[in-house]
Structure formats: structure tokens, C-alpha cells
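Report on the structure given below.
Every chain is numbered from 1, with letters handed out A, B, ... down the list of sequences.
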Amino acid sequence: MSHDAKSPAQAHAHPTGATYLKVAVILTVITIVEVWAYYIPALVASPLFNPSLIIMSAAKFAIVVLFYMHLKYDHKLFKALFTGPLIIAGATILALLFLFAKISL
Amino acid sequence: MASHAIAGHDDGHAHTHHTTTGLDNRKIAIWAFIGSECMLFASLISTYLIYKGKSLVGPYPHTEYTDAAGKVFPAILDIPVTSASTFVLLMSSLAMVLALQAVQLKGTPLPANAGWWTRAQRSSQLWLGMTALLGATFLGFQAYEFTAFVREGLTIKTNLFGSTFFTLTGFHGAHVTVGVLWLMSLLWIDRTRGLGPKDELVVDIAALYWHFVDVVWIVIFTLIYLIQ
Amino acid sequence: MPKLSLRQAASTALTAVALLALSGCGFTEYPNSTFNHHTDFNTAIDALFQRLIFWGTIVFVVVEAGLVYTIIKYRKRPGGPKPRPIHGNAALEITWTVIPALILVLIAIPTVKTIFQTQADAPAGALKVQVIGHQWWWEFRYPELGIVTANELYVPVGRTVEFELTTRDVLHSFWIPQMGGKRDLISNKTNYLWFTPNADLGTSAWNGFCTEYCGSSHANMKFRLYTVQPDEFDSWAKHQASPAVFSTTPAPVTTPVTPVAQVSGADSTAPTPATTIGYVFPRERLETEFPHVIPQTPYPTGLSFDDALLAGGDPARGANEGFMLGGCIGCHAISGVPGAVSEIGPNLTHIASRHTIAGGLFKNDAPTLARWIKNARHMKPGSLMNTIGRGEYDPILKTTNTGGLDDRQIADVVAYLMALK
Amino acid sequence: MATLAAPACATAPASTQSGLWSWIATTDHKRIGTLYLWTALAFFLIGGLEAALIRTQLARPNMGFVSAETYNQLFTMHGTTMVFLAVMPLSAAFFNYLIPLQIGARDVAFPRLNAFSYWVYLLGGIFITLPILFQVAPDGGWFGYAPLTTNQFSSGPNIDFWVIGLQILGVSSLAAAFNFITTIINLRAPGMTLMRMPMFTWMSFVVQFLLILAFPPITVALVFLLMDRFFGTTFYAIAQGADPLLWQHLFWVFGHPEVYILILPAFGLVSEVLPTFSKKPLFGYNVMVYSGIMIGFLGFGVWAHHMFAVGMGAVADSIFSLMTMLIAIPTGVKIFNWIATMWAGEVRFTVPMKFAIALIAMFTIGGISGVMHSSPPADLQQTDSYFVVAHFHYVLFGGSIMGIFAGIYHYYPKITGRFLNERLGNVHFWLNFIGMNLTFFPMHFSGLLGMPRRIYTYDAGQGWDLFNLLATYGTYLLVIATAVFVWNFVRSRTRGAIAGGDPWGAATLEWSIPSPPPEYNFAQIPTVTSRYPLWDLKDPSWHEGEDSHGDTGTPGPSPLREETETHTAKALGIPMPYPTAKPAFAALGLVVMFSGLLFLRNDLFAVAMTVTLGGAAMLIGGLYAWLTSPLE
Ligand code: HEA
Ligand code: HEA
Ligand code: CUA
Ligand SMILES: [Cu+2]
């Protein structure tokens, strides 16, 4: 990892404006689906409502991070700097929700 | 003078000195900062979720509440408005990434037959301004939301929901505010001196911050607004 | 470095010897020792703890002996061998990863077992006691028996007692070292703890403590536990459940204080007070056998009381005049006394049957009560009972009390309280 | 302090700057490290003085030496001071001084941010400490459990100082952590791969991650408390249905990683000392690195072991118990590897070495009692008793403080160019060693014999008298020991024996340059080919006959050159950061901004606004001026 003389910008091909637009469209579509689901009582009542919303939001999260924040293309160091804390943060949220009986094992 | 420094000679030896990884110090620092922010928002979001449904009195986020005097408080969250503001923030991320691209592309010759879109993509000022504007719009929505809630009887003191809700979204809003100010100063530099590929890093760092604030909202929107 | 080795050998020996000594040790010398097991709870804990001590001692001895041996053997000596540049040794490193892991497994298994054993639901038929924490005293209620008391607990031996722990203000923690582990009292939450005092346990007295820091007088939030024989318990309970013992025909009204007449027999609907006094842990036994439960807190300097007045205290006047004028009724309940229902302060129905007051801080006797009533805040830092003596300086309000009771009135109140057997 | 600027080393030329202003404006990591060292030592004395008062009050039953209220302030401030103002900043002193030297850099990544961190620390420390002189110091215990710390139960300004003060100190720690993460990742000399970094730098690296991940939760917990106290929110308002365990969880999510923040730097320091004075490489370097990372990582999954008595339920108790026990494994590996480092070595009993050995011996005791706590049913008998107090002083004093003293004796010659007096050092060590055992070992007994912690008084005849008296005597020994140390520390600055660049025959880069190091550190950035560059240089045959494990580099002459002469940066044409007081000014602004809140307690809304906005203006102005002026 050390002495990677190339600057990251040159090291990897960046996506183009078109990719960014596509990503934006996907984000918009997911958001629309989310909000739409919110207004369908049958869906809200379903046990799959919460998990699917969480999955959709995680997908949006990942897309923005990978494409807009270029984590997909950037130096792996940044991936480590971001995913490490993210995992600890996620685990902490889960543990706290468990401890306060908001979720169970 | 400001432009000179922010764009080139900030703290950190990156531009003049060799670094181990070849990466710029500031970019490493901002990623570490973002990692730290993950824990900050994790704590805030956990608190909101832990206290969800524990308020002794209303108003409540998703359900109606009738107080002792018989006064009815409707469910307080306004999903249509927040959906709109969420969309605005998402689009600001698009604008931001295009702003970065515009800065990177500065100086590369435009093909002769370039269409409006290709041209537009070269305008860093357009996209920086757009991002800041969308961010400010988001803040406007938030200001509207907050005042509406207060009018409807929910303040930061009312109940656990009020305290956690305003604090969580308030913290996020403060982050957006900082971001907007940051973008405006970049825009100002761009207008006075012009940002070019050599300033890529400066814009990149602001962009990373901005996108992070956006992804936090993605999580908040789902966990706080949509899930009941 | 012989000095170091000596020191370490000594502390090794000390741990082993001292722990052994303490665990089987005399009652009076270490009256709050956690090594004794007088309950099922403590027996379970102690078995676990012995195992921890055993492995802990082995690890301690191995590490310290290895360390001392190494530094002595390989100390720099003239003509000593040249150090060998060893960078590591996978086999060794795996060994000292695996062995501790194995030890931990041997600790972990009984740990988890004991967790589930001690946190199971209490067996049916347990005596229920509600423990309510207050800044800085304990309220105990026996809901099935209709008893409300403070700072002193009675439980029968051989029967499981289940504590239901809540707090009226900040966090506290309930601990009787000789009976078992502690459990916190958490606002907006109910906790449970149960144990069974061994059936063969004689009638004895134990110390209990608040072990969660709860403000100024955290140190002064103690209580007593009396483990008594079942028949003694029944006698005690029956008496405690009855209204106040003190009963006078309404005293001739000397002062025009209005609520006077309500004190006793005046209210015909009030249940008749017990005529015989129930079981109380004998004071003489405490003094001879359980001196550690007798508070030794000295009176604070600067608080004086004319003790001669105490002999002449008139209980009836105390009940009818002092108790009202002093505002006691605003905070203290006395069963059988209409209007005296407040739960702010300890229930005083049978105050005279208790050996201690104020979170176990003081002995319960006339001179102490007098001083307590005169200036509780001087007696106990931060106390939420206000200063009642006339002309007394209230250390919290930082003012001098202009109303309140004079020494003679206090002496009457004390006489009244001492009559509430 | 100004005298510090004058180098004591006779061979070093006069420093380019001196005087008070040069310290306020300095951006040199070594000077900032020195400032941290002095300040943190001062706070250590204050914390120790508080401890001595505590112990005096507890010497005998029913003592009236201090009042209950004073006592409660004393232990709260003792814990807070030792943790946040003494041990953490002492570690920070070494981060500052050593990390750039150990990795072959000229400074940290953000020199001015570094200065900012220091000034925030100093001013925040003063902010939180001063109130004790006026009897309004924080009195909620060092972990400030709600709801005791809310307005309802603590309506005075005491807790305000605590909430605001810790918030300020958090800024300092976080800023420093980002700085060091960047520095370690990015400013390593050529050839200084991650797995060649000195162990102190490695452990510090882990600590920086603990800092950036552990401080946000406490920041949030404190923000809630602050808003409850000043703006009437309901986070910990019992009447509104709040759950007091929220505070406890958020606090300990921070609090447990915090204890590893306190210990890992000390582990790093002894990992430098032990090889040096055994003339042997560190045993199992890789495993030492991984175990450090493991300790840090696992440290985030054990926090609720501080809450076994709150009634979390059997499942949660079990999980946290097992996770806690796991930590004993990587820690044990470290202990055994240290012993193995000395095994077959040539052990020299210098003062730093004695402290390092004492760390191994004493920390183990604390670790073992830690494992006893980790078993929840057993912990129910131990928690909030003096047994816990014994545990954490064995790890904190026997671990962190011993390690830090090892570091101070080891690096004092590097920092000042002079040795600390060996005789006084030995007196200090032995008094300290005996004193700490006399103070803290009896606490195991008083705890298991039923003595609760945080009590300002107790009755005679509870079986605790002897142990308390012994502990108090022990403390007085510690006071004497510390006084000897202070005397030595001050005196040796001007009178200690001159130390050369490499007085101990150590192996790492910081010893390849003069003592004290010149402002630019390395005239020529070194190229590193192994973990022990200086040993390679001085005795290329030192690792003959070794087994295959170590990264002892490529055969052939070492490219490293020892630097013996000191020049000025200017003469060498090395650009150095400009001195600037802007960071100090911004730090002042930050503290002023926060102090504005205090006026809200007396409903002085206008004053509060003025002070807060004034402070914010100073902060922003300072930041702006600093960010827009060139670094060097
Ligand atoms: C430097 C700081 C430090 C360190 C390193 C540790 C290390 C450990 N601590 Fe400690 N701890 C504190 C500081 C620290 N602690 C503080 C300040 C408190 C109290 C806070 C307060 O309440 O005010 C506390 C409280 C505390 C508690 C809560 C007690 C209570 O309040 O009821 C617990 C419970 O599990 C605990 C456990 C441990 C464990 C298992 C370790 C382990 O990391 C120890 C591991 C080390 C070893 C075990 C020794 C070496 C290993 C071997 C030689 C291998 C073989 C060993 C075995 C098989 C056992 N600690
Ligand atoms: C790193 C952390 C650290 C360190 C080093 C120490 C060091 C000491 N601590 Fe403690 N301690 C804590 C962290 C630490 N402590 C914490 C976190 C708590 C919990 C607080 C709480 O409950 O909220 C605690 C609590 C605590 C208690 C429990 C209080 C209670 O529960 O009621 C006691 C009691 O004896 C104690 C004693 C001591 C003593 C005697 C020392 C000694 O080792 C001190 C040695 C130092 C000196 C003796 C310096 C003396 C110097 C002078 C006096 C000046 C001389 C002047 C010149 C020469 C100029 N500490
Ligand atoms: Cu109640 Cu401590
Ligand atoms: Cu811990």
C-alpha cells in the first residue's frame, strides 16, 4: 500500500456524467417506491415492510457512497477508513436496540 | 488570500511534500472524520429509536393523540413535505458530484460539437451553486417543518419524541448548514479566481462531506419518517 | 533484583493466605464479608467466585513467577551470554493463546449457568417485599401483609424473599453483602432480586448498603436486615400491620391547634390499635452479638439540645400540638392518624420499634430524635427533611428558621414518637 | 516554562525561539508534546492531591476532615482529572513527541491543528478544575449517572462545569486523533511500512481509532444532558418517562474503549523499553500488533459489563460477560510476549526498565480482578465496592501510570538532552511500587468485606478499618514518591548528566538524531529497511543466528545515517511551519463560546448570548485566519 505514487484520480477511471445521472435516477426510483409503500396500508401492515424499507435505504446508502463518494474507485485505504467505523456503528445500534428490547435475538 | 490558501496551502504538507501513500493528508483526515461521524449519528439514531413509542404525552409521529382536555393532535410527521425535501437533498448530491467533475474537467478541450449537456457539465459554478441552492432549499423545508411542528404543539421540551426528533434532525440540519456555507465559499473562490483540476482535492473533500450528510439523511428518512 | 521477588512472593502468599483466612473467617471481625453464604444466592455466587480466585491465583503465580525468574536469570552479568535475537515463536505464542482460552472456558460455563440460575423467576410462595429507594433512606413494604416501614427489614429464615426494587428519585442499589449480590434501583423500571436465607440460620442482624452513588448522603443510606425465625416474623408482621400503638384519650386542649382531636380515638372508624407489642429484634442482643449494626455516627458539633427536657416530654401534647405545628404531617404517615398519609418521609407508625433512623445513620433514641427533629440537615448532609428547630440554621436553604418548634415542643414530639412502639 | 526553551544539552545550539510567546505560537510537535507533558503532570499532581485528601478522610472511621459535599466533589474531580486531564494528555504528550520521530517525519500532518488541540485541552482543563476552589466543582461521579446529574437533582452549577468541560475536552481529543491517524498513515519515511513501525506508534495508531469512535457517543450523551440542563429537553427527565439506562449505555459505549485508550499507549511505551534494555527484539512483533488491534476492536463490544447490576436480563449479561472474558486472551499474549522478550536477553535494571517490569507485574493483578468482574454473578458482589476501586487502580496506576513513568524516564534524555537522576529515580520507583501496593492491595479486601465505594465515611467495626488505614499510609508514600519525582524532573533539566543522541542503545529512528532533536527532526529523511534500523546500523551482525520471524530487513549496509549535529532549519533549507497563535486564539474562542452557557443558569440570557456569540466569533475568526494563512 505504501508508495503508491499514482494519485488516485489518475489511477482509476472515473465514471462519467452519464453514470451520475443514472445513479440519480435509481435513487429517485427507490425513494418513490419507499414513499409509495408508505401509503399502502396493506404493505405497512406486512411484516416485510420494515425489512424491505431498510434494505432499500441501505441500497441508496451504498450507491451514494460507492458512486458519488467514489469509494468504488478510490484507494482501498478509504474503504477501510469508512467501512471499519461503519461496521462498529451499525453493530452498536443493533446492540443498543437489543438492550432496550427494541429488537430481540 | 482566502482562495489562495483554501485551495492550495492549507495545513498539511501534501502539495509540497512527499507522502507515504501518495494520497493527500486532508483526504485521509476527512475520511477518518466521516468514520467518526458514523458513530455520532449512530448514537443519535439509536436514541431516537430507543425512545420511540415511549413518550408519555403526544403529539406522536405517526399516530393521533388526544390530551386530557380532549384536544386532538394529529400524527405530526408530514411525509409528502419530507419526501420532497429528501428528493431535493438527493439531487443536491448529484449536483455535487457534477461540480467535482466540472472542476476535474476544467481545461480539457471541449469537443467542437458539444451539446448543451456536455457544456453544462463543464460549469463548476453552475453545479456548486446548484448544490448550495438545493441544500438551502432542504434547510428551508426543515425550517418549515420545525415551525409547523411547534405550531401544532410539539417542541423540543414536549416529550421524548420531541427531544429526540428535534435533536437528531437538528444535528443533521446543522451539518447541512455547515455544508452550505462551505459550498458558498467554494463558489466564491470559483467566481473570483476559478477552480481548476489542481483544486480537485479541495472540492473533493467538500463533496465527500456533502454526500455523507446526504447518506445520513437517507437513513433518517427511512428510520424516522417511513418506518412506523 | 531480589527485592522485587521478595515483594512479589510476599504478595502472592498474602493473597492466598488472606483470602483463605477471610473466607472462613469470624463473623464479628468481618461482619459484611461477601465470603459467607447464608443464602442460596450467595452460595451460588461464592462457588463461582472460589473458582475465579482459584484460576486467578494460578495465573497470578505463573505470570509473576515467570517474570521474576526471567529477570533474575537473564539479568545483565559481566561475561554473560550474548542475547539471542529471537523474534518470536509461533508454537509458544499459540500455547499462551490457547491455555488462557481454555481457562476462560472453565470460567465461562459456570458463569452462564449461574447467571440463568440466579436470574430465574423466584420460586412460588416467596415473601414479597417492595424496596423503594429515596434520597437517602429506604422504604420497605410488604404488600401481602400490609406493612410499610423504613430502613429496617425483617425476613423469616428458610423462606424465599423476593424484592421488587423501584426508586422515587435517582438511582440507588440494594446490597446486603452477606446475603448475596446487589441490584440497582432504576427510575422508571422495576428490578427483582430474590434469595432464601438458610433455614438453619439463627436470628441475626445484617448490614445493608446503598451502593449506587445517589448524591450528598449516599454514604448515609444504609439499612438493617433481621433474619428471624418464622414465628418471630409472624409476630412482628402482625404488630407492624396494625395502626399506631399510641393511644390517649384526647388530651385537654391547651392550645387552639385545630387538627388536634383527630390524633387518636377521636376517629371512631380507625381500626383499634394493637394492645400487645409484637416481636422486635432485642436491643440487648444487638449490643452484645451484632455491634456492627449499631450506628456510631457522632452528633455534629454545633447542634445542642437540652436533654433534661426529654424526661418531661408529654406524648399527648407532642401528638396533638408538636406533630401538627412542626408540619410533620405534611411528610410522614402514621397509620391510624387521619391526615398523616404523606409518603415523602419514612412511615412513622411504629417508629419506636426500629433501632435506627435516617438511613441507619443514627441510633433511635430520645436524644437523637430530638436533635434530628431540631435540625435534620445538620445531622445528615443534604437531608430532604427540613430544619424544624426554631432559630436553627438550615444549611440548605441557608436561612435561619424563625418558625418551627422550640426544644420543649420537640421533647413532646419525641415522647410521642417514642410511644409509637 | 520559558526556561524549557533553553536546551539543556551542551552540544545543542541555542534554540531559535524562546520566551513565552514562542510557546503560545509554537506549531512544533516536540514543543507541543513538551507542553502536554508539563500540563498533564501538573494535573496529575492535582488529581493526586485530591486522592490524598480522599484518603485522609477515609483513614479512620467517622472522620470529619472534609464534608460530604466536599468529598463528593473530590472523588468526582479526582476521577475526571486523572482520566481526562492526566493520563490521556500524558499519552498525548508521547504521541506528539514521539510519533513523528518514530516514523521519520518532520512534523505531524496538521501542525496548527495540533496546537489547537493542546490549547483546547489546557483551557478546558482549567475550566473544569477551577470550580473546586470555590466548592462548586462537579459532584456527580466521573461517570455522572443520570438522573442524578439532571437539574431536578443537581440544580447548582456544579454539573454544568462537568458537562461543558468534558464537551470541550472532547474537541481536543478528536482533533488530535484525526491528526495522528493522518500522520501515521501518510508521513512515514520511505521503507517504514506499517509492519515496521515501532510498537509505540502502532499502539497509538489503534488508540486514535478508539478515540474517533468512542468520543462521539459521549459527545451525544453530554449534548443530551446539556440540553436537558439548559434548554428543558426530556432525554433524562424521569417524569417524562425517560430511561436512565440511556445515559449509562451511551457513557459506557465510550467508557470502556476509553480504558483501552488509557492503557494502550502505556503498553506501547513498555514495548519500546523492554527490548531496549533486554538487547533483544520484541518477541512476536506481529502478534503484538494484532493483539493490540484485537483489544481495541473487542473493546467496543463489552461496555455493558459496567452495568451487570442494572438488570439487563440473563441473555445480555451472558453475552457481555463472554465478550469481556475474550479480551483477556490478547492481553495475556502481550504479557507473555513481554516476558519472552526479556527471556534469553541481557536485562539491564535501569529506572525505565524497572517501571516497565512493574507494569507487567501490576497490570496482571488488575487484569485478573477484571476477569473476576467479568463474571456477572460474582460481579454483583463486587460492583460499586472497593474491589472495583482496587481493580481499576491496578490497571490504571499499575498499568497506565507505571508505563507512562517508564516512558518519561526513557525519553527524558531524548526530550531534554539530559538524564534523570538515577538514584532519585530508584527512590521514586521503590516508593511508588511499595506505595501503590500498600494503597490499592488492601482495597481488594475492604471491597470483598463489603465496603461500598464513594462513601465519605464509615462506621468502625465493619472490618474495614485496618485496610483503610493501610491504604492511606500507602497514599502518603505515593505523595513522597511523587515529590521525589517532581524534584528530579525539575532539577535534571539543568543538572542531569548529558545524554547523547542514543543514550540507551535503542533501535528505533528517534534515537538516530541528537538529543534534544533539532526543530526539523531529521536533516535528511531516513530510509528504513527494518524494524530495528539503529541496531542494524551500529552492529550489523546483531541478528545473526536469529530464527526467521523478524523483519530485520535486507542484508547489506543500512541506508540510515546517524545524525549527530544540530543545525537550524534555515541553514539546511528545510521549510518549517510558521509559528502562529491563531490556533490558541481559536481555542480560547471555543472555550469562551461554551462558557456562555453558564450564564443561563442565572437566567442571564443576554449575557449568555453575548458571551457565546463572542466566543463563536473568536473561534471562527481564529479558524479563518489560520486556514487562510500559509503553513510554512
Ligand atoms: C486501564 C484501564 C483498564 C483496563 C486495561 C481494564 C481492563 C479490564 N477490565 Fe476494567 N475497569 C477500569 C479500567 C480498566 N479495566 C475502570 C476505570 C473501571 C471502573 C470504572 C468505574 O466504575 O468507575 C473498570 C471496571 C471494570 C468492570 C466493571 C466492574 C463493575 O463496576 O462492576 C469490569 C467487568 O467486567 C472490568 C473488566 C475488565 C477486564 C476483563 C479487563 C481486561 O482487559 C483485563 C485483561 C488482562 C488480564 C486478564 C491479565 C493478563 C492476562 C493473562 C496473564 C492471561 C491469562 C489470564 C486469564 C486466563 C484470566 N473492568
Ligand atoms: C489514571 C487514573 C487514576 C489514578 C492515577 C489514580 C490514583 C489514585 N487514586 Fe484514584 N480513581 C480514579 C482514577 C485514578 N486514580 C477513578 C477514575 C476513580 C473513580 C472516581 C469516581 O468514583 O467517580 C478513582 C477513585 C479513587 C478512590 C475512591 C473514592 C471513592 O470511591 O470514594 C480512591 C480512594 O482511595 C482513590 C485513590 C487514589 C490514590 C490514593 C491514588 C494515588 O495513586 C495518587 C498518587 C499521586 C499522588 C500521590 C500525587 C501527589 C502529589 C502531591 C500531593 C503534590 C506534591 C506537590 C509537589 C511535589 C509540587 N481513587
Ligand atoms: Cu442511594 Cu446511594
Ligand atoms: Cu470496562
> Is it true that Phe143(D) and Trp252(D) have ring centroids separated by less than 6.0 Å?
Replying inline: yes

>> Aromatic contact between Phe215(D) and Phe254(D), with the criterion being ring centroids under 6.0 Å apart: yes or no?
In response: yes

>> Under the side chain to side chain donor-acceptor pair (under 3.5 Å) test against Trp303(D), which residue among Gln248(D), His249(D), His256(D) passes?
In response: His249(D)

Under 4.5 Å from a heavy atom of chain D, the part of [X] involved:
{"X": "Thr158(B)", "value": "backbone"}
{"X": "Ile50(B)", "value": "side chain"}
{"X": "Phe166(B)", "value": "neither"}
{"X": "Phe33(B)", "value": "both"}

> Do the ring planes of Phe224(D) and Phe235(D) sit parallel (below 30°), tilted (30 to 60°) or perpendicular (above 60°)?
Replying inline: parallel

Select one option (side chain, backbone, both, neither) describing which atoms of [X] are under 4.5 Å from chain B's heavy atoms.
{"X": "Ala177(D)", "answer": "neither"}
{"X": "Leu250(D)", "answer": "side chain"}
{"X": "Leu174(D)", "answer": "side chain"}

> Does the Thr150(D) side chain pair with the main chain of Tyr236(D), one donor and one acceptor, at a distance under 3.5 Å?
Replying inline: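 No: the side chain of Thr150(D) does not pair with the backbone of Tyr236(D).
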
>> Does either side chain, that of Thr20(B) or that of Asn186(D), offer a donor lying less than 3.5 Å from an acceptor on the other one?
In response: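 Their side chains do not contain a donor-acceptor pair, so the 3.5 Å distance test is not met.
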
